[in-house]
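Note sheet for the following structure.
All of these numbers come straight from a predicted model, not from anything done at the bench.
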Amino acid sequence: MYQEIWNLLYPKCCPVCFEILEDQHRLVCQKCYRKIKRVKQPYCYQCGKPLSLDEQEFCRDCNRKDKLFDRGFSIVEYDAITAPSILAVKYKNRREFLKFYGELAKKQYCLLFRRLHIECMIPVPIGRKKLRKRGFNQAALFGFEVAKWMQVPVKTEILRRSRETAPLKELDPLQRKQELSKAFVWQGKGYQQEKTVLLVDDIYTSGATVNACTKVLKENGIKKVYVLTIAIGRDIG
């Protein structure tokens with residue numbers, strides 16, 4: 001009864017088209033669900049980027065540059081359909097959309113992640129300035145949605161962003177690496193040491209951010225670092 005009243009006062013909207021859902025028991029409208037391109041095989045064995053050819057094992061970027069993380073996974077392709085939804089979470093406080101992406105992650109990776117024996121999730125941290133302005137870290141909130149079905153702890157305190165960084169999309173690969181150098185610091189002293197973790201973020205672009213985080217984690221005793229992001233772009237052949 002309480003939920004029905006709440007839905008009347010604050011009806012849920014589709015996270016893709018932003019229209020009020022006709023069926024308030026759903027998380028997305030059926031039309032938009034069919035439009036979303038979910039990441040599926042073939043995808044890069046290293047970063048999880050969708051590939052064009054079945055015989056490919058790695059994307060062009062991973063063939064050129066080694067990644068420090070063990071494997072990456074994403075839920076949907078980052079395109080004109082999903083980009084407005086994910087950006088609305090970050091910049092328009094539509095954090096309720098993350099429940100939908102958490103459920104999609106469950107459908108795609110529940111069995112696989114259990115086989116990987118992940119012990120905890122660590123969200124990519126954001127700077128203090130952005131956190132004060134935004135009021136939340138979207139990567140952490142996404143992590144908590146995934147944690148509902150993975151049943152592992154989300155440890156937001158393990159990594160800290162030590163300084164603000166320039167927008168990475170405006171930088172070339174070398175500039176990104178330099179900008180992220182020493183941008184993340186370990187704060188896990190005194191905590192029980194997990195050996196296998198899932199690093200979570202919203203969007204995978206070049207992989208520079210998760211690579212920088214992985215470097216800090218592995219330097220401090222983490223053996224396996226897997227990455228989960230909501231969205232990722234296709235490999236450009």
Over all atoms of both residues, closest heavy-atom pair of Leu21 and Arg26: CD1-O, 3.2 Å

N/O donor-acceptor pair under 3.5 Å between Asn220 side chain and Val216 backbone: yes

Please lay out, stage by stage, how Phe144 and Thr156 fare under the test side-chain contact (heavy atoms from CB on, under 4.5 Å). CA-CA 10 Å; Phe144 283 115; Thr156 60; 4.3 Å; yes

Lys215 atom NZ, neighbour heavy-atom count above 12 within 6.0 Å: no

What closest approach, in Å, do Val16 and Ile36 show between heavy atoms, and which atom pair accounts for it? CG2-CD1, 3.7 Å

Say whether, by atom type as modelled, one donor and one acceptor occur between the side chain of Asn211 and the main chain of Leu68 under 3.5 angstrom. yes

The single option from Ile122, Thr229, Thr209 passing side chain to side chain contact (heavy atoms under 4.5 Å, CB included) against Leu199: Ile122

Backbone N or O of Glu119 within a donor-acceptor pair of the Thr196 side chain at under 3.5 Å? no

With clusters defined by side-chain heavy atoms of hydrophobic residues (ILVMFWY) lying less than 4.5 Å apart, directly or transitively, does Ile20 cluster with Val28? no

Shortest non-hydrogen contact from Ile86 to Ile230? CD1-CG2, 3.8 Å

Taking side chain as C-beta onward, heavy atoms only, is Pro42 less than 4.5 Å from Leu53? no

Within a reach of under 6.0 Å around CG of Asp66, are more than 12 heavy atoms found that belong to other residues, nucleotides or ligands? no

Between the side chains of Arg94 and Glu96, is the shortest nitrogen-to-carboxylate-oxygen separation below 4.0 Å, so that they form an ion pair? yes

Other residues, nucleotides and ligands only: do more than 12 of their heavy atoms fall within 6.0 Å of NZ on Lys195? yes

Assert yes or no for the condition that the ring centre distance of Tyr226 to Phe113 is strictly below 6.0 Å. no

Could you measure the distance from the NE2 atom of His117 to the NZ atom of Lys224? Nearest 0.5 Å is fine. 11.5 Å

In terms of relative ring orientation, are Tyr204 and Phe69 parallel, tilted or perpendicular, with 30° and 60° separating the classes? perpendicular

Does some side-chain heavy atom of Leu159 sit less than 4.5 Å from a side-chain heavy atom of Val185? no

When you look at CD of Glu22, are more than 12 heavy atoms from neighbouring residues, nucleotides or ligands closer to it than 6.0 Å? no

Side chains of Met121 and Lys155: closer than 4.5 Å at any heavy-atom pair? no

Would you call Leu228 and Val146 a side-chain contact if the rule is heavy atoms closer than 4.5 Å? yes

Kindly give the heavy-atom pair with the smallest separation between Leu27 and Phe100, and that separation in Å. CD1-CA, 3.9 Å

Hey, are Asp70 and Lys218 close enough for a salt bridge, meaning a charged N less than 4.0 Å from a carboxylate O? yes

Can you tell if the side chain of Ile75 reaches within under 4.5 Å of the side chain of Val39, non-hydrogen atoms only? no

How far apart are the closest heavy atoms of Pro84 and Phe18, and which atoms are they? O-CZ, 3.7 Å

Above 12 or not: heavy atoms from other molecules or residues under 6.0 Å from OH of Tyr45? no

Counting only N and O atoms by type, is there a donor-acceptor contact under 3.5 Å from the side chain of Tyr109 to the main-chain atoms of Ser74? yes

Atom pair SG/CD1 of Cys17 and Ile81 - distance to nearest 0.5 Å: 10.5 Å

Within-4.5 Å side-chain heavy-atom neighbours: Gln187 and Ile158: no

Just checking Gln30: does its CD atom have more than 12 heavy atoms from other residues, nucleotides or ligands closer to it than 6.0 angstrom? no

For the residue pair Gln138 and Arg95, confirm or rule out a side-chain donor-acceptor distance under 3.5 Å. no

Hey, are the side chains of Cys59 and Tyr43 touching, using non-hydrogen atoms and a 4.5 Å cut-off? no

Answer yes if the side chains of Thr82 and Asp79 hold a donor-acceptor pair under 3.5 Å, and no otherwise. yes

Do Leu111 and Trp149 belong to the same hydrophobic cluster, where Ile, Leu, Val, Met, Phe, Trp and Tyr are linked whenever their side-chain heavy atoms lie under 4.5 Å apart, directly or via other members? no

When you check the gap from the basic side-chain N to the acidic O, do Arg234 and Glu77 get nearer than 4.0 Å? yes

Output, in order, the C-alpha distance, side-chain angles, deciding distance and verdict of side-chain contact (heavy atoms from CB on, under 4.5 Å) for Lys12 and Lys99. CA-CA 11 Å; Lys12 290 188 294 186; Lys99 183 177 179 62; over 6 Å; no

Side chains of Val154 and Cys120, heavy atoms from C-beta outward: is any pair under 4.5 Å? no

Apply side-chain contact (heavy atoms from CB on, under 4.5 Å) to the pair Lys37 and Val76, showing each step before the final yes or no. CA-CA 6 Å; Lys37 294 178 182 177; Val76 298; over 6 Å; no

side-chain contact (heavy atoms from CB on, under 4.5 Å) assessment of Thr205 paired with Ile203: CA-CA 6 Å; Thr205 49; Ile203 303 168; 4.0 Å; yes

So which atom in Cys62 and which in Lys67 form the shortest heavy-atom distance, rounded to 0.1 Å? SG-NZ, 3.6 Å

Under-4.0 Å salt bridge between Lys148 and Glu145: yes

If the test is side chain to side chain contact (heavy atoms under 4.5 Å, CB included), which one of Val227, Leu217, Val152, Ile118 qualifies with Val197? Leu217

